[in-house]
Student: 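There's a structure below that I have some questions on.
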Amino acid sequence: MTAGSPDPHIDILFTEEEIAARVSALAREIVADLPRDFLVVVILKGSFVFAADLIRALEKVGASAQVGFITLSSYGAGTASGGAVTLTHDLVESVAGRGVLIVDDVLESGRTLAFACETLRRRGAASVRTCLLLDKPDRRAVPIEADYVGFRIGGEFVVGYGLDLAHRYRGLPYIGILRGSE
Ligand code: IMP
Ligand code: MG
């Protein structure tokens with residue numbers, strides 16, 4: 001077992017403390033650029049833990065976020081992106097004329113983020129910014145970059161802090177690499 005890790009299958013990549021420090025720094029970065037009226041659009045499910053911490057960090061630096069949720073899916077039960085992105089649960093809020101901050105967990109091929117940006121722009125959002133917890137730049141298939149990134153990592157499959165493998169591990173307070181997936 002890795003020191004500090006309660007799960008023998010996982011090597012810790014970012015600790016709870018490292019994540020908390022990075023989320024606070026991101027909030028300070030983001031708040032300087034945000035329009036007064038903005039909607040945080042959380043892409044479920046993977047980013048719900050990150051988004052919960054981020055909106056509280058934003059509040060601490062003076063930005064009160066309104067929050068909406070959208071569920072997009074590109075993965076099956078495995079660790080390889082399937083390609084086509086489907087919208088399985090839509091936003092309730094209208095984005096027309098509003099500043100939007102999309103929050104997602106991992107930017108990998110870029111298909112999910114490109115789909116989300118395009119969808120919200122088509123609906124008339126005044127501005128669309130993007131905040132990603134993790135960026136895997138080596139795995140990009142679509143030319144898209146995030147405005148704000150928590151951590152850049154390699155191509156390894158990671159779990160914890162909201163991220164799952166076949167619906168497991170979301171509740172881990174740290175981000176870790178599954179042994180044997182590197
Ligand atoms: P993309 O569409 O290929 O950019 O994939 C992004 C989506 O794949 C993210 O929103 C995640 O839900 C999922 N994903 C990508 N890499 C990982 C990972 O390492 N762990 C868990 N989910 C991942
Ligand atoms: Mg996701």
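Quantities reported herein were computed from a predicted structural model and do not represent experimental measurements. Computed from heavy atoms alone, side chains included, the values below leave out hydrogens, waters and symmetry copies. Start at 1 and go down the list; that is how both ligands and their atoms are numbered.
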Student: How does Leu72 reach ligand 1, if at all, at less than 4.0 Å between non-hydrogen atoms: by side chain, backbone, both, or neither?
Tutor: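 Neither; nothing of Leu72 gets under 4.0 Å from ligand 1.
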Student: Can you check whether Thr15's main-chain N or O pairs, donor with acceptor, with Glu18's side chain at less than 3.5 Å?
Tutor: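 Checked: pair present.
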Student: Which of the atoms in ligand 1, numbered in the order shown and given with their element, are less than 4.0 Å from a heavy-atom of Asp164?
Tutor: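 It comes down to these atoms of ligand 1: 21 (C).
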Student: Hey, which atoms in ligand 1 end up nearer than 4.0 Å to a heavy atom of Ser109?
Tutor: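 So the answer, numbered in order with elements, is 1 (P), 2 (O), 3 (O), 4 (O).
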Student: Does a donor on one side chain sit under 3.5 Å from an acceptor on the other, for Asp7 and Tyr169?
Tutor: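 Absent: no donor and acceptor within the cut-off.
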Student: Lys136 heavy atoms, cut-off 4.0 Å: which ligand 1 atoms fall inside?
Tutor: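 This gives 16 (N), 17 (C), 18 (C), 19 (O) as the contact atoms.
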Student: With Asp135, which residues qualify under salt bridge (Lys or Arg N to Asp or Glu O under 4.0 Å), at least two apart?
Tutor: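 In terms of salt bridge (Lys or Arg N to Asp or Glu O under 4.0 Å), with neighbours along the sequence ignored, Asp135 is linked to Arg140, Arg152.
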Student: Please, which pairs that meet ring pair (Phe, Tyr, Trp, His ring centres under 6.0 Å) have at least one residue in residues 24-44, sequence neighbours excluded?
Tutor: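 For residues 24-44, and leaving out neighbouring residues, there are no ring pair (Phe, Tyr, Trp, His ring centres under 6.0 Å) pairs at all.
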Student: With atoms numbered from 1 as shown, which atoms in ligand 1 lie under 4.0 angstrom from a non-hydrogen atom of Asp104?
Tutor: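 Taking each heavy atom of Asp104 in turn, ligand 1 has 10 (O) under 4.0 Å.
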Student: Could you pull out the closest heavy-atom pair between Leu107 and Leu132, with the gap in Å?
Tutor: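 Between these two residues, the closest heavy atoms are N-CD1, 3.6 Å.
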Student: Would you check if there is a donor-acceptor pair between the side chains of Tyr161 and Asp105 at a distance under 3.5 Å?
Tutor: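 Result is no, nothing qualifies.
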Student: Which ligand 1 atoms, with their elements, are less than 4.0 angstrom from a heavy-atom of Thr112?
Tutor: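 So the atoms of ligand 1 that pass are 1 (P), 2 (O), 5 (O), 6 (C), 7 (C).
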Student: Answer side chain, backbone, both or neither: which part of Arg139 comes under 4.0 Å from ligand 1, heavy atoms only.
Tutor: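 No part of Arg139 comes within reach of ligand 1.
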Student: For Val142, state whether at least one heavy atom is located under 4.0 Å from any atom of ligand 1.
Tutor: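 Val142 does not count as a contact of ligand 1 under the 4.0 Å cut-off.
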Student: Considering the heavy atoms of Val158, write down every atom of ligand 1 situated less than 4.0 Å from one of them.
Tutor: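 So the atoms of ligand 1 that pass are 18 (C), 19 (O), 20 (N), 21 (C).
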Student: So, is Leu107 polar-close to ligand 1, with some N/O to N/O distance under 3.5 Å?
Tutor: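 No; every N/O pair is 3.5 Å or more apart.
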Student: Hey, is Val159 one of the residues with a heavy atom under 4.0 angstrom from ligand 1?
Tutor: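 Distance cut 4.0 Å: Val159 fails for ligand 1.
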Student: Number the atoms of ligand 1 from 1 as they appear, then name those within less than 4.0 Å of a heavy atom of Arg111, with their elements.
Tutor: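 Those atoms are 2 (O), 4 (O).
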